[in-house]
Amino acid sequence: MKNEASSTSEAREPDASLTAELVARSVAGAQKPLSDTVGELARQCVLDWVGVALAGSQDALARLLREQAEEDGGTPVASIVGSGGVRLSVRQAALVNGATGHALDYDDANVAAQGHVTAAVLPAVLAVGEANGASGEEVLRAFAAGYEMAGAVGQYLGRTHYELGFHGTATVGSFGAACAAALLMGLDAQSTAIALGIAGTQAGGMKAQFGTMCKPLHAGKAAENGVVGAQLAARGFTGCRDLLAAPQGFGAATSPEPDVRAALAPPPGGSYLNGNLFRYHAACYGTHATLEAVRALCVEHDLTAGMITRIDLDVESRARAMCNIARPESGLQAKFSLRLNAALAVLGEDTASPAIYSDAIVSRTDLVAVRDRVNVHFMPPDWPPMASMVRITTCDGRVLQKVHDSSVPDPDLARQRDRLTRKFMALAVPVVGSARAVEIERAIGALDRMVDIRSLMSLLRQPKETAL
């Protein structure tokens, strides 16, 4: 059924469109209690995003966006994370929090959705939920539904969408955010489909922006697009009800092979959340397999930089346009450099700390010396996404090899939660203090029993000195 979008969508009745079918699934899913596994994964996504957003709130990007939003004005009903008490309008909060949560490039990702789903969907859900006084369970259900929509849209557009230069966080994420916001606002199926169309017609985001502030802006714009789509649809604003599969619609315009069958196929394990990938290095996810493999080889063989003559990396071809900045000139660019990250791993630097990716790090002579011994090889299209084969050649002639695949989630959810909790505390404590960080972590752990999401948002916006 590949390439069928343009040939079949005219023959479909409006209520039988691809968008309508995906919306119907989302509505049905949002009306049922989440399974234990999906509920736990959703809470883990919230915990992880809140940690990286609190840390990201200290970034210059977050300050600039807050200043612009405050200058623009609006009804202050939605909290800005880590802002010291600032509240803005719903769409402004979605934008600012969305970009803030992706500022450090340390949030989760999903291969099927081709981007950072939580960073695009959750800020929209939290802004709408706070404004409407939604319960924690309603927030989790809407988030999970938006996540599933993003996964289906990502599969529909296919890998070539990303390869053309579109950043799925911005494009795919806009549809997920619109779905979640519309469901949380109580829109009917037809209005939800229109909300997706309104969001999609605003969606953009080019990979050429990687290494600049515009990459995290993509997540913010996706969240804002979703909110605006739902808000306007609720007022009766009109739009294409099947923008995804319509002739000259989103699929036809942004992918050479949109695949309806892939969009409608059940996700592995019944939920795209099962494929959520959490990050434990504060760099582009495309560098993680290399970091893990290089570090493991250095530990196993007690290697130091002086013992290494050459490092060869075999990576997916998509990495060429994702994380192949050979000689980064800033801390932001360093996050997208396979070569520099391999050097960081060799030298044992703490890549779990966002602070390591500073502007100063790119000119450190010891790192540059190792960086320039790294050679990147791009594999054929059938190479596993997010997998890296590392070969280290030593001065005594040994060739040491290690493969790591970062596309495989941890199947042990309890172990994953423990690891995420440690990551959360490391990111949150410097911003809100130990006591508040513990309170936030516990609140998120019981989110499905929270009567009003405003109690969590109050914790996230208050200044560090305020005792609640």
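For S458 (side chain) and S455 (main-chain N/O), no donor-acceptor pair under 3.5 Å exists by modelled atom type. Panel note: side chain S388, backbone A289; no donor-acceptor pair is recorded below 3.5 Å. A distance-only check finds no donor-acceptor pair linking the side chain of H281 to the backbone of A352 [under 3.5 Å]. S174 places a side-chain N or O within 3.5 Å of a backbone atom of A170 that can act as its donor or acceptor partner. A donor-acceptor pair is defined here as one N or O able to donate and one able to accept, closer than 3.5 Å; such a pair exists between the side chain of R436 and the backbone of Q462. A donor-acceptor pair under 3.5 Å is absent between the side-chain atoms of N324 and the main chain of A319, judged by distance alone. A donor-acceptor contact shorter than 3.5 Å links the side chain of S255 to the backbone of E257. Judged by distance alone, with hydrogens and angles left aside, the side-chain atoms of Q209 form no donor-acceptor pair with the main-chain N or O of K215 at under 3.5 Å. Between the side chain of N97 and the backbone N or O of V81 there is at least one donor-acceptor pair closer than 3.5 Å. At least one donor-acceptor pair closer than 3.5 Å links the side chain of Q44 to the backbone N or O of L413.
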Check against side chain to side chain donor-acceptor pair (under 3.5 Å), S79 and E130: CA-CA 8 Å; S79 300; E130 182 177 8; 2.6 Å; yes
I80 and L65: CA distance, side-chain angles, deciding distance, side chain to side chain contact (heavy atoms under 4.5 Å, CB included) verdict: CA-CA 11 Å; I80 302 303; L65 288 174; over 6 Å; no
Test log, rule salt bridge (Lys or Arg N to Asp or Glu O under 4.0 Å), inputs E21 and R25: CA-CA 6 Å; E21 291 177 44; R25 293 183 182 194; 5.5 Å; no
I453 and S135: CA distance, side-chain angles, deciding distance, side chain to side chain contact (heavy atoms under 4.5 Å, CB included) verdict: CA-CA 5 Å; I453 194 65; S135 69; over 6 Å; no
Candidate pair V431 and L427, rule side chain to side chain contact (heavy atoms under 4.5 Å, CB included), full reasoning: CA-CA 7 Å; V431 181; L427 294 171; over 6 Å; no
Check against side chain to side chain contact (heavy atoms under 4.5 Å, CB included), D188 and T192: CA-CA 6 Å; D188 61 23; T192 299; 5.6 Å; no
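To the nearest 0.5 Å, atom CG of residue L54 and atom CD1 of residue I440 are 5.5 Å apart. Once rounded to the nearest 0.5 Å, the distance linking CD of Q92 with OG1 of T75 reads 9.0 Å. Note that CD of E349 is 11.5 Å distant from CG of L291, once rounded to the nearest 0.5 Å. Between the CG atom in L157 and the CG atom in L244 there is a gap of 7.0 Å [rounded to 0.5 Å]. Between the CZ atom of F278 and the CD atom of Q416 there is a distance of 5.0 Å, given to the nearest 0.5 Å. The OG1 atom of T287 sits 10.0 Å away from the CG atom of L340 when rounded to the nearest 0.5 Å.
Each of V139, V227, T118, V46 was scored for a side-chain contact (heavy atoms from CB on, under 4.5 Å) with V125, with one residue passing: V139. Checking V362, L104, L344 one by one against Y357, the side-chain contact (heavy atoms from CB on, under 4.5 Å) holds for a single residue, L344.
When all heavy atoms of A230 and M185 are compared, the closest pair comes out as CB-SD, 3.6 Å. The nearest pair of heavy atoms linking S407 to D405 is OG-OD1, 2.6 Å. Scanning both residues, Y280 and K423, for their nearest heavy atoms gives CD2-CD, 4.4 Å. Contact detail for T351 and I356: the closest heavy-atom pair is CA-CG2, 4.0 Å. Considering all non-hydrogen atoms of both residues, A233 and L187 come closest at CB-CD2, 3.9 Å. Contact detail for A428 and A437: the closest heavy-atom pair is CB-CB, 4.1 Å.
Salt-bridge annotation for E439 and R442: absent, with no side-chain N of the basic residue lying under 4.0 Å from a carboxylate O of the acidic one. Looking at D259 and R261, no side-chain N of the basic residue comes within less than 4.0 Å of a carboxylate O on the acidic one, giving no salt bridge. Using a 4.0 Å cut-off between charged nitrogen and carboxylate oxygen, R91 and E224 count as a salt-bridge pair. Residues E138 and R141 are not paired through a salt bridge, judged by the lack of any N-O separation under 4.0 Å between the basic side chain and the carboxylate. A salt bridge links E441 to R417: one of the charged nitrogens lies within less than 4.0 Å of a carboxylate oxygen.
Counting only heavy atoms from C-beta outward, the side chains of P409 and L277 approach each other to under 4.5 Å. L34 places none of its side-chain heavy atoms less than 4.5 Å from the side chain of E40. For the pair T100/V52, no side-chain contact is recorded, criterion being any heavy-atom separation below 4.5 Å from C-beta on. The shortest distance between side-chain heavy atoms of Q231 and V90 falls below 4.5 Å. L41 has its side chain out of reach of N276: every pair of non-hydrogen atoms, C-beta onward, lies at least 4.5 Å apart. Put simply, the side chain of R415 does not reach to within 4.5 Å of the side chain of D418, judged on heavy atoms. A heavy-atom distance below 4.5 Å is not found between the side chains of E148 and S26. In this structure, T171 and T254 have side chains that are not in contact, with every pair of non-hydrogen atoms separated by 4.5 Å or more.
For R279, the salt bridge (charged side-chain N to carboxylate O under 4.0 Å, His left out) partners two or more places apart in sequence, or in a different chain, are D105, D107.
Aromatic ring centres of Y272 and Y147: separated by at least 6.0 Å. Two rings, from F250 and F175, have their centers less than 6.0 Å apart. Aromatic ring centres of F210 and H167 lie closer together than 6.0 Å. In summary, the aromatic rings of H218 and H102 are positioned with their centroids too far apart to meet the 6.0 Å limit.
Residues S330 and D359 have side chains that never bring a donor and an acceptor to within less than 3.5 angstrom of each other. Side-chain polar atoms of R159 and Q114 form no donor-acceptor pair below 3.5 angstrom.
Atom CZ of F237 is surrounded by 12 or fewer heavy atoms from other residues, nucleotides or ligands within 6.0 Å.
A cation-pi arrangement is present between R318 and Y162 under the rule of less than 6.0 angstrom and at most 45 degrees off the ring axis.
Among residues at least two apart or in separate chains, salt bridge (Lys or Arg N to Asp or Glu O under 4.0 Å) pairs with a member in residues 67-77 are R63-E67.
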